[in-house]
A.B. asks: 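There's a structure below that I have some questions on.
In the text below, chain A, chain B and the rest are named by the order of the sequence lines, each starting its count at 1.
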2 protein chains.
Amino acid sequence: MNVVIIGIGLIGGSFAKDLKLVYPEANILGIDTNESHVKEALELGIIQGEGSYQSLALADIVLISIPVNALVLELPKILDAVGDETVVIDAGSTKRLVCQTISNHSKRRNFMACHPIAGTEFSGPSAAINGLYEGKTNIICEVEKTAFMLQEKALEVFQKLKMRIRYMNPDAHDKHIAYVSHLSHISSFMLGKTVIEKEKNERDIFDMAGSGFESTVRLAKSSPDMWTPIFEQNKENVIETLEEYIQNLETFKGLLLNDDFENVYKEMNNTNRIKQILKGIPLTKK
Amino acid sequence: MNVVIIGIGLIGGSFAKDLKLVYPEANILGIDTNESHVKEALELGIIQGEGSYQSLALADIVLISIPVNALVLELPKILDAVGDETVVIDAGSTKRLVCQTISNHSKRRNFMACHPIAGTEFSGPSAAINGLYEGKTNIICEVEKTAFMLQEKALEVFQKLKMRIRYMNPDAHDKHIAYVSHLSHISSFMLGKTVIEKEKNERDIFDMAGSGFESTVRLAKSSPDMWTPIFEQNKENVIETLEEYIQNLETFKGLLLNDDFENVYKEMNNTNRIKQILKGIPLTKK
């Protein structure tokens, strides 16, 4: 199996590692605008060689794992270069613009729009880990626009990586993911900012960070190169989630100001349901 | 060594477990208004017996790990009951009110105001774990008001549990901790609320939760019984942190609305410093 991974960072590199475990015969080539990433991925044994757009014609699978602003620019050129049997999948965190960009491309049927919900706050080939995708959800958009044979090819890979598949349209994807992922990142970045601004003595932050701060602020370590274009492409949805979040914070502040601790308690108690939700246990509604 | 732990939950139970490892001869009694907690702690072998306020007279160490509203009510009665050689330590997340409450108590010198910065989002005796305090910061307030011999006794225990000690006055403690801990909890609770309100289909939350949401919302699993009185006692500081947090979120929203993605990038890039801060590495300021 010939595989080309465009963007050899955490997402692309982890995909390569797991793919090699389930397809030991796979020849995995890497492409990256950052030459040191290619070099590092070769040294780490994540890829077997460096690829080029010329090598795409013979690829069975191409994974594009680059920031979403680069994705919408590169995808048309990548599709131009692939063979008839090649399935191109992406890993972008937004889906509306990318689907729109190639909707009239002559090789639209070679593309499968994907968003594997997996990652860490780290980046680069050295951040690649085994098992990143196991048990994780892969959201596939507009599946009907991908050639059936190529759907099968991609789904076989996802199955071997033990991913769970969900189908969604691009607009619904971008709306849902704004709540469950994009808002989390902004809340975390702004929490980090608020604390750094106030605590001029960084030692104080470190010493007191045990009490929950560290996990809440984890996403504030994320790469601005990746996240700025996500927020740009999903601007309307992200602004909507931010407005609702700010409104909820204002309401909570109002309860504190009014000494309404009965409702402060209720707000927290109602939100405790998140425990069951994250366990995936069906809830009986109150 | 005679030890009495008042409030046998995550904090008290974990303290008991580690204490028993370093002082195998310790006789640890537990007191809890929730009878099932005492029963559970006995069954789990966390305590050797049930205590009462009468047993406090013979205690070497008393740890109070109960919600801070109960703490300010019980501490004067507990001090009334202890012996001259007993050091009473607490684990409350606020320090101003508790120090103020017993400032004129005849046994003020038997009390050491403490806040071990340690915990998880879980509660109850079954949540108690070994090693919870190792390497964690213990903030001690008004240390000069504790009898010197009793300071030594408590510090020996903290040292054996491998805690790091910081001294602070109660007002500074409550102000700092509002940023580094209390605000994190509110941001997490309100994030959980915003997502639950919007995503009526809880399966969607679960399926998409991989991408950072789970860690950011972790603290929203915390106990409202513990957190409501904390917010009540630290109301002024918490409101101040909330206002600054909301302001930062509004600013970020404004950048998105104005398509100012250069500054969206900068905001995130500046906050990435949190990586180094959380590693405790001294930073060279830009």
Side-chain angles (χ1 to χ4, degrees), chain A residues 117-119 136-137 166 176 179-181 184-195 198-199 202 204-221 224 227-228 231-232 235 239 242 244-246 248-249 252-253 256 261 264-265 268-269 271 274-275 277-278 280, chain B residues 117-118 136-137 166 176-177 179-181 184-195 198-199 202 204-221 224 227-228 231-232 235 239 242 244-246 248-249 252-253 256 261 264-265 268-269 271 274-275 277-278 280:
Chain A
I117 312 281
K136 301 294 167 55
T137 300
R166 288 284 305 266
H176 284 299
Y179 280 91
V180 181
S181 165
S184 296
H185 283 79
I186 298 177
S187 83
S188 190
F189 269 111
M190 291 304 103
L191 179 69
K193 182 185 176 189
T194 306
V195 173
K198 196 68 186 186
E199 298 289 344
E202 284 154 359
D204 286 340
I205 301 179
F206 177 69
D207 284 343
M208 296 178 121
S211 200
F213 179 64
E214 191 156 6
S215 71
T216 320
V217 87
R218 180 174 73 85
L219 300 179
K221 301 174 187 172
W227 282 95
T228 306
F231 294 143
E232 185 169 1
K235 178 181 144 176
I239 288 173
L242 256 178
E244 290 172 23
Y245 183 52
I246 291 170
N248 283 328
L249 290 163
F252 196 86
K253 192 184 85 177
L256 294 178
F261 294 102
V264 164
Y265 183 96
M268 292 192 277
N269 200 40
T271 306
I274 205 75
K275 272 187 239 185
I277 294 174
L278 291 178
Chain B
I117 312 282
K136 302 294 168 54
T137 299
R166 288 285 305 265
H176 285 298
I177 207 74
Y179 281 91
V180 181
S181 165
S184 295
H185 283 79
I186 298 177
S187 85
S188 190
F189 270 111
M190 291 303 103
L191 179 69
K193 182 184 175 190
T194 306
V195 173
K198 196 68 187 189
E199 299 288 344
E202 283 154 1
D204 287 339
I205 301 179
F206 176 69
D207 283 343
M208 297 178 120
S211 200
F213 179 64
E214 190 156 8
S215 71
T216 321
V217 86
R218 181 175 71 86
L219 299 179
K221 302 174 187 172
W227 281 94
T228 306
F231 294 143
E232 184 168 2
K235 176 181 147 178
I239 287 172
L242 256 178
E244 290 172 23
Y245 183 53
I246 291 170
N248 283 329
L249 290 163
F252 196 87
K253 192 184 87 178
L256 293 177
F261 295 102
V264 164
Y265 183 97
M268 291 192 277
N269 200 41
T271 307
I274 206 75
K275 273 187 240 186
I277 295 174
L278 291 178

A.B. asks: Restricting to non-hydrogen atoms, name the atom on M190(A) and the atom on N248(B) that form the minimum distance, rounded to 0.1 Å.
C.D. replies: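 Closest pair (atom of M190(A), atom of N248(B), distance): SD-O, 3.4 Å.
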A.B. asks: Below 4.5 Å, heavy atoms only, C-beta onward: do T216(B) and R218(A) meet side chain to side chain?
C.D. replies: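 No, every pair of side-chain atoms sits at 4.5 Å or beyond.
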A.B. asks: Go through T137(A) and M208(B) one step at a time and tell me if the side chain to side chain contact (heavy atoms under 4.5 Å, CB included) criterion holds.
C.D. replies: CA-CA 7 Å; T137(A) 300; M208(B) 297 178 120; 5.8 Å; no
A.B. asks: Sub-3.5 Å donor-acceptor pair from the side chain of Y245(A) to the main-chain atoms of S187(B), do we have one?
C.D. replies: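 Yes; at least one donor-acceptor contact below 3.5 Å.
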A.B. asks: Which region of K221(B), side chain (C-beta onward) or backbone (N, CA, C, O), has a non-hydrogen atom less than 4.5 Å from a non-hydrogen atom of chain A, or is it both or neither?
C.D. replies: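 Interface part for K221(B): both.
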A.B. asks: Which one wins on heavy-atom pair count under 4.5 Å against chain A: S215(B), G192(B), S188(B)?
C.D. replies: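 Heavy-atom pairs under 4.5 Å are most numerous for S215(B).
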A.B. asks: Flag the pair L278(A) / F213(B) as yes when at least one side-chain heavy-atom distance between them is below 4.5 Å, and no otherwise.
C.D. replies: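 SC-SC contact between L278(A) and F213(B) confirmed.
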A.B. asks: Checking heavy atoms, do the side chain of E199(B), its backbone, both or neither come under 4.5 Å from chain A?
C.D. replies: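 For E199(B), the side chain is the part near chain A, not the backbone.
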A.B. asks: Looking at side-chain heavy atoms only, is the closest gap between F231(A) and M268(B) below 4.5 Å?
C.D. replies: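 With C-beta onward as the side chain, the pair touches.
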A.B. asks: Is the shortest side-chain heavy-atom distance between S184(B) and V217(A) below 4.5 Å?
C.D. replies: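 Of all side-chain heavy-atom pairs linking V217(A) with S184(B), none is under 4.5 Å.
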A.B. asks: So L256(A) and L242(B), do their side chains get closer than 4.5 Å, heavy atoms only?
C.D. replies: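 L242(B) vs L256(A): side chains touch.
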A.B. asks: Do F252(B) and F189(A) have side chains that get closer than 4.5 Å, going by heavy atoms?
C.D. replies: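 No, too far: nothing below the 4.5 Å cut-off.
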A.B. asks: With the side chain counted from C-beta on, respond yes when I117(A) and D207(B) share a heavy-atom pair under 4.5 Å apart, and no when they do not.
C.D. replies: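 SC-SC contact between I117(A) and D207(B) ruled out.
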A.B. asks: Would you say K235(B) and F261(A) make side-chain contact, with heavy atoms under 4.5 Å?
C.D. replies: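 Yes, at least one pair of side-chain atoms sits under 4.5 Å.
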